[in-house]
Protein chains: 2
Amino acid sequence: MPSARGRNLTFTEEARRAQLVDVTIELVAERGYAAASLGRIAESAGITKAGVLYHFPSKQALVEAAHEHVVSALVATVGAAVEAAGPAEGPAAYIRSMVGHLRERPRHVRMLIEAITSGASLTDSKERWSAVAELVSAARAARGVTGEVDVRSAALLIGGGIDAIVAESLRDSEYDAVAAAELLVEVVERGLLS
Amino acid sequence: MPSARGRNLTFTEEARRAQLVDVTIELVAERGYAAASLGRIAESAGITKAGVLYHFPSKQALVEAAHEHVVSALVATVGAAVEAAGPAEGPAAYIRSMVGHLRERPRHVRMLIEAITSGASLTDSKERWSAVAELVSAARAARGVTGEVDVRSAALLIGGGIDAIVAESLRDSEYDAVAAAELLVEVVERGLLS
DNA sequence: GTCTATAAACGGATAGAC
DNA sequence: GTCTATCCGTTTATAGAC
């Protein structure tokens, strides 16, 4: 894959880039976006500000790379889980895999939050809920459920529930996110899929 | 009420403080926390940076005052609505008043988001969900519902749903947040209160 | 009460040495 | 490929005039 630098990357370059993306995610996660300055990123990586800017043309490019990395990991996991499940179980698979994936990657969660609140162009809200809305529609069709439901709102409620569960398990590691996800699945089944 | 400055405030001081809190909320809402610098706040208020720091000892103090203002308005509205409703209708009243209040105050929403993501000490997550959890418990008792439910998770799902609805209506003013709130009420009734 | 002036630190980014 | 050195803008905050 050609890189953002317009040529192929050497192995060491690739490794450095990956390391920089990694420390960026960590810094954003632990101390917030504002604290993730070039200086601190460089320090965490063991090089200097200028060194960082050799690998990425600007701080924004680095942050975007970090954001992309996090999103790619998420969609890969969740996409596979949803496809593995049948249409009738799509929403449940989505909920379980989202909660499972994010619960195991607290640093990714912070990164996603910052990206969303910073009005990131990458995070089209519609992109998220419309995919979930289709899962809901497909599940209702597969189950032969009659009646009308606003699938957009249904999707938003599912997404909001997931966010809340993940956020809580981030704050309190004792919180049983898996059980909460099962409750959400049940509520969705009873309230939206029947 | 004695002020943070350790004495009573004159009327003009009070007015200035209120104005500064107001422009702070507006700036945070429109351009994000990072863009709400002392300089821009001062400019928006028609005075200078030093002038701002006469009224508030630091930028952080000003931001905290703005945050408190927003939270106070929210809890006053929602608290009244919940008390006006009976125990059986507590969760529904909570959902409707939260969505209604925040939908009418988009700037407050942004302020709240920034406060939460900035790891504000003021926003004890437990403080929010435990109050809602009690509403759920009371409603179940008032309705004579049997069976066990994790009220903490129930409260989190309600809160997450509200957040998602409000966020969406913030992004798309065409979105029917009131109808979405009714869907959430219905889902809660069917999935958590029966 | 609000101003000017200024300090001191930090932000991202560039040039050029090695 | 990474460093030193530097630039320039911006930030919060203070001192002291008016």
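In what follows, chains are A, B, ... by sequence order, proteins preceding strands, each numbered from 1. Side chains are part of it too, since the values below use all heavy atoms of this structure and drop only hydrogens, waters and symmetry mates. These figures come from a predicted structure and were not determined experimentally.
Of all nucleotides listed (D/dC3, D/dT12, C/dA13), D/dC3 comes nearest to the side chain of A/I47. Comparing D/dG1, C/dG1, D/dT4 by their nearest atom to the side chain of B/E13 picks out C/dG1. Set against D/dT14, D/dT11, D/dG1, the side chain of B/L53 has D/dT14 as its closest nucleotide. Nearest to the side-chain atoms of B/T48 among the listed nucleotides C/dT4, D/dC3, D/dT2 stands C/dT4.
A/L38 has its CG atom 18 Å from the P atom of D/dG9, to the nearest Å. Atom OH in B/Y54 sits about 6 Å away from atom C1' in C/dG1, given to the nearest Å. Separating the CD atom of B/Q60 from the C1' atom of D/dT11 is a distance of 15 Å, rounded to the nearest angstrom. Across the protein-nucleic acid pair, A/L62 atom CG and C/dA13 atom P stand 10 Å apart, rounded to whole Å. Rounded to an integer number of Å, the gap from CZ of A/R40 to P of C/dA9 is 15 Å. Distance A/E43 CD to D/dC3 P: 13 Å, rounded to the nearest Å. Between A/K59 atom NZ and C/dT14 atom P there is a gap of 15 Å when expressed in whole angstrom units.
Between the side chain of B/K49 and the base of D/dT12, at least one donor-acceptor pair of N or O atoms lies under 3.5 Å.
Note on B/E43 versus B/R40: no salt bridge recorded, every NZ/NE/NH1/NH2 to OD/OE distance being 4.0 Å or above. Ion pairing of A/R143 with A/E89 is present here, as a side-chain N (NZ or NE/NH1/NH2) and a carboxylate O approach within less than 4.0 Å.
Rounding to the nearest 0.5 Å places NE2 of A/H55 at 7.5 Å from OG1 of A/T12.
Looking at heavy atoms from C-beta onward, B/V21 lies out of side-chain contact with B/R17 at the 4.5 angstrom threshold.
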